[in-house]
Amino acid sequence: MSLRAFLSRRVVTPDGVRPAAVLVEDGLIRGVVAPEQLPQSSEALDFGDMAILPGLVDSHVHINDPGRSDWEGFETATRAAAAGGYTLLVDMPLNCLPATTSVAALRAKRDAAKARCRVDWSPWGGVVEANQQDLEALAAEGVPGFKCFLINPGIDGFTMVSDRQLQAALPYLARTGLPLLVHAELQGPINSATERLAAADWSSYQTYLQSRPPEAELAAIEMLLGMCRKCRFHLHIVHLSASQALPMLRAARSEGLAVTVETCPHYLHLTAETILDGATLCKCAPPIRSSQNRERLWQGLRDGTIDMVVTDHSPCLPEMKRLAEGNFKTAWGGIASLSVALPLVYTEASQRGFDLTDIVNWMAAAPAKLAGCHRRKGRVAAGYDADFVVFDTENRFVVSEDTLHYRHPVSPYLGESLRGVVKSTYLRGTLVFEDGQFPGEPIGDEIRHQRIDALTG
Ligand SMILES: [Zn+2]
């Protein structure tokens, strides 16, 4: 392949946003130079004022394939990802069948993904009640880390772990050197709250909110930090919602514990005050809390306590959202947002004085590091994969069913006007999305984690 140049007046590089030409050959970035240094021989694509960002990395996605591809699937999830500016998805080990808790299950997933992906993908492994012996084999097969639940995940095929079971798994996990991602809510405070709400109106969002109090998150995080202190592993808190946990997490960091934290676009955009009764499209766990909580999460991003913003894209069959009865008790908890996450976060972030460099840190560089592929994904820099999103920050669009691109166009964001339009997405130098279209065959590949990355940081 000959040398090509991607030009823009706003290339988001690790050194800031600047006019640049990104030189691409054989799917890799060969260099990032000033526009006037463009080699004569190169074929140039000029995006003008539209920004070039590194392809985004989403380290929290439920692709549900194999086994529940009627909910989502590799074709549709990676199509929505390409439309949203993502070039790598890291798939959670649950909601698919079999769950990714053994090497055999991982192989089944690889078969399901073959020739069906529009962007690259990686698999997280799962830690469940009795698979400690599988963890090192999964690590050797290339998973970048593991996920577990301290609470019933509410789906067949994946079990929660008790603190004792997790303690038993930690030595195996520590030997892999890989991060442990944890759904940090404890069952106890949720059970007590739910019992008190037995006679409450479950079409009311307030009922659901009260059933999952911040204490469930706080108690789980406190317990995990204790384990981390004893066993010294990389702990990653997924989808933080309760901002009350931020001081504790900040203190754990200054104490030297290896703790990273993510939150999601829905916690940064939606608020409990504006969720209507019966609006089960907004059900997720932990729940969306108050507007004051939302602002504290933004503050957590500002001061660096929260490292990244990932989608927790978690689709289901439309009927599972129980829209007809609007029952928050029985509706599926999960919000799909791959195709709109960048505009959602940009809309909110730009109102709070953040810029594209922040967005790239939260949505590309930090999740790439968590997934152990930060030497190849998440930056516009020489040697990296030529993964880009061309993002038009000066225009808006209204979220409609035909902008979603995942399997079932169900979304709490329909009808919203968002700032920033994903114009096109390139995967290893090849156009995979442009203006609503997906040219060419699916060329996405599995990115297998190489242990050396984990060992050298
Ligand atoms: Zn999830």
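Numbering of ligands and ligand atoms starts at 1, following listing order. Keep in mind that this is a model prediction, so the values were computed, not measured.
A 6.0 Å sphere centred on CG of Asp156 holds no more than 12 heavy atoms belonging to other residues, nucleotides or ligands.
Every residue two or more places apart in sequence or in another chain that forms a salt bridge (Lys or Arg N to Asp or Glu O under 4.0 Å) with Arg289 is listed here: Glu217.
For residues 58-69, the set of pairs meeting the salt bridge (charged side-chain N to carboxylate O under 4.0 Å, His left out) definition, not counting sequence neighbours, comprises Asp65-Arg116.
In the model, Asn293 has a side-chain atom that pairs as donor or acceptor with a side-chain atom of Ser243 under 3.5 Å.
For the Zn ion (ligand 1), protein N, O or S atoms closer than 2.8 Å were enumerated as His60 NE2, His62 NE2, Asp312 OD1, with waters left out.
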What pairs of donor and acceptor atoms, side-chain ones from residues 79-93 against any protein atom, are under 3.5 angstrom apart with sequence neighbours left out?
| from | atom 1 | to | atom 2 | distance (Å) |
| --- | --- | --- | --- | --- |
| Arg79 | NE | His405 | O | 2.8 |
| Arg79 | NH2 | His405 | O | 2.9 |
| Thr87 | OG1 | Asp387 | OD2 | 3.3 |
| Asp91 | OD1 | Ile63 | N | 2.9 |
| Asp91 | OD2 | Lys109 | NZ | 2.6 |

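Note on ring orientation: taking the six-membered ring where Trp is involved, the planes of His183 and Phe149 are parallel (angle under 30°, cut-offs 30° and 60°).
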